[in-house]
Q: 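My questions all concern the structure below.
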Number of protein chains: 2
Amino acid sequence: MAISEAEAVVMDVLWREAPRTAEEILAEVGPAQGWQEGTVKSLLNRLLKKKAVQAERDGRRYLYTPLLAREQYVQQESKGLLDRLFGGRVAPLVAHFSEQRKLSKKDIAELRKLLKELDDEQH
Amino acid sequence: MAISEAEAVVMDVLWREAPRTAEEILAEVGPAQGWQEGTVKSLLNRLLKKKAVQAERDGRRYLYTPLLAREQYVQQESKGLLDRLFGGRVAPLVAHFSEQRKLSKKDIAELRKLLKELDDEQH
DNA sequence: AATCCATGTTTACATGCGTAATTGTTCGCG
DNA sequence: CGCGAACAATTACGCATGTAAACATGGATT
């Protein structure tokens with residue numbers, strides 16, 4: 001089962017730092033998302049069921065730790081989009097952003113550097 | 001309201017060629033997706049409700065045409081992913097694929113070309 | 001011990017989605 | 001003109017999601 005968007009928000013907190021208690025998570029996302037305690041608890045439970053996080057008892061509360069690595073999640077999500085919209089190829093995606101003028105100077109510089117590195121590896 | 005994945009499959013057919021009848025759409029996606037007639041009709045109706053397609057009567061059936069441009073859809077989807085996963089910046093996304101060794105030779109060549117063009121535009 | 005508080009667990013409920021069966025409508029044909 | 005076929009529109013239904021209220025439970029407090 002896939003991780004939903006709301007669930008991903010919670011994962012994000014845990015990816016930044018773990019383990020964390022439900023309370024800490026609420027403190028971090030509640031205000032921004034307008035979520036109550038119950039909401040965060042539910043999301044955590046769904047994530048538990050999906051084996052995306054792990055809970056370890058600590059006195060009367062639990063400490064939550066991600067089991068799913070962020071890298072894995074990012075991988076799935078971006079591959080999905082790439083396959084659905086760009087025939088699985090990266091260049092068309094970048095071209096798309098380029099056409100939309102969504103490449104910042106920094107992006108361009110970094111891309112250049114990246115290509116250069118690939119070049120060098122190629123000895 | 002956003003366009004769901006199943007709905008996007010239908011849109012894809014219409015983006016390839018429009019207008020089309022429900023029957024033609026079914027013929028094109030039914031086998032691959034394992035969808036019946038009713039399924040396609042429902043999806044078309046939901047797309048109508050979302051103003052993503054338009055239906056024009058043609059005798060006893062309808063001809064469906066996209067109202068939402070593919071470009072627009074791609075834009076929304078990819079911006080969403082970029083924002084959620086890569087802080088809205090393109091270079092990190094490409095770096096991600098690079099690390100995963102998902103850049104084909106062709107990708108690299110095209111990226112190089114793209115950067116070169118950007119360079120040239122820059123007078 | 002009875003109570004309260006902090007936490008987690010269960011249940012709820014509206015909405016959207018995937019998938020389709022059912023029902024309604026309009027032509028063309030006998 | 002009435003009927004059946006071809007379409008479309010409506011309704012259905014189970015499951016996921018977003019959001020949360022209600023309930024349970026195990027210490028801490030009086």
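Just so it is clear, the model here is predicted, and its values are computed rather than measured.
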Q: For B/L47 and D/dA8, what is the distance between atoms CG and C1' respectively, to the nearest whole Å?
A: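 Whole-Å distance recorded here is 15 Å.
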Q: Of A/S4 and B/L63, whose nearest nucleotide on DNA chain D comes first from the 5' end?
A: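 Closest to the 5' end, via its nearest nucleotide, is B/L63.
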Q: How many whole angstroms separate atom CG of A/L48 from atom P of C/dT7?
A: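 Computing the A/L48:CG to C/dT7:P distance gives 17 Å.
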Q: Which one, D/dA8, D/dA20, D/dG18, comes nearest to the side chain of A/R46?
A: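 Nucleotide nearest to A/R46's side chain: D/dG18.
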Q: Within this structure, what is the CD1-to-P distance between B/I3 and C/dG16, rounded to whole angstrom?
A: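 Nearest whole value for this atom pair: 14 Å.
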Q: Mark yes when over 12 heavy atoms from residues, nucleotides or ligands other than B/R101 sit less than 6.0 Å from its CZ; otherwise mark no.
A: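 No, CZ of B/R101 has 12 or fewer neighbouring heavy atoms, counting only those of other groups under 6.0 Å.
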Q: What's the closest nucleotide to the A/N45 side chain, out of D/dA9, D/dA8, C/dT9?
A: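 The listed nucleotide nearest to A/N45's side chain is C/dT9.
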Q: Has the side chain of A/R61 got a donor or acceptor that lies under 3.5 Å from a partner of the other kind on the base of D/dG27?
A: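 Looking at the base of D/dG27, it does not pair with any donor or acceptor on the side chain of A/R61 (distance under 3.5 Å).
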Q: Identify whether any heavy atom of B/E37 sits under 4.0 Å from a base atom; if not, whether one sits that close to sugar-phosphate; answer base, sugar-phosphate or nothing.
A: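 B/E37: no heavy atom of the nucleic acid under 4.0 Å.
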Q: Taking only side-chain nitrogens and oxygens of B/W35, does any of them come within less than 4.0 Å of OP1 or OP2 of C/dT19?
A: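 Yes, B/W35 has a side-chain N/O under 4.0 Å of OP1/OP2 on C/dT19.
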Q: Would you kindly give the CD-to-P distance between A/E7 and D/dA16, to the nearest whole Å?
A: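 About 11 Å, once rounded to whole Å.
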Q: Name the residue closer to the 5' end of DNA chain D, choosing between A/L43 and A/R60 according to the nucleotide with the nearest heavy atom.
A: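 Nearest-nucleotide comparison on DNA chain D picks A/L43.
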Q: Would you say B/L63 and B/V13 are hydrophobically clustered, going by side-chain heavy atoms of ILVMFWY under 4.5 Å?
A: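 Result: no, two separate clusters.
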Q: Just the rounded figure in Å: distance from C1' of D/dA22 to NZ of A/K41.
A: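 So the two atoms are 13 Å apart, to the nearest Å.
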Q: May I have the distance from A/L44 (atom CG) to C/dG8 (atom P), rounded to whole angstrom?
A: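 Interatomic distance, CG of A/L44 to P of C/dG8: 8 Å.
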Q: Report yes if at least one side-chain N or O of B/T21 is closer than 4.0 Å to OP1 or OP2 of D/dC7; otherwise report no.
A: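 So the side-chain polar atoms of B/T21 never come under 4.0 Å of the phosphate oxygens OP1 or OP2 of D/dC7.
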Q: Under 4.0 Å between a side-chain N/O of A/S42 and OP1 or OP2 of D/dA20, yes or no?
A: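 Answer is no, no contact under 4.0 Å.
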Q: For C/dC17, take OP1 and OP2 only and decide whether either is under 4.0 Å from a side-chain N or O of B/K50.
A: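 For B/K50, the contact criterion (side-chain N or O under 4.0 Å from OP1 or OP2 of C/dC17) is met.
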Q: Taking the basic N atoms (NZ, or NE/NH1/NH2) and the acidic carboxylate oxygens, is any pair closer than 4.0 Å for B/D119 and B/K116?
A: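 Not counted as a salt bridge, because no side-chain N and carboxylate O are separated by less than 4.0 Å.
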Q: Using the side-chain contact (heavy atoms from CB on, under 4.5 Å) rule, take A/L111 and B/L111 through it: C-alpha gap first, then chi angles, then the decisive distance, then the call.
A: CA-CA 8 Å; A/L111 288 176; B/L111 288 176; 5.8 Å; no
Q: For A/A2, report the nucleic acid contact type (base, sugar-phosphate, nothing); a contact means any heavy atom under 4.0 Å.
A: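 A/A2: backbone/sugar contact only, no base atoms under 4.0 Å.
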Q: Can you tell me the distance, in whole Å, between the CZ atom of A/R20 and the C1' atom of C/dT7?
A: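 The distance from CZ of A/R20 to C1' of C/dT7 comes to 18 Å, rounded to the nearest Å.
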Q: Side chain of B/E5, heavy atoms from C-beta onward: which of D/dA8, D/dG18, C/dG18 has the nearest atom to it?
A: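 The listed nucleotide nearest to B/E5's side chain is C/dG18.
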Q: Please determine which of B/L68, B/L67, B/I3, B/L14 meets the side chain to side chain contact (heavy atoms under 4.5 Å, CB included) test together with B/L47.
A: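 Only one option passes, and that is B/I3.
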Q: Taking atom P of C/dG8 as reference, at what distance in whole Å does atom CD of A/Q36 sit?
A: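 In whole Å, C/dG8 P lies 16 Å from A/Q36 CD.
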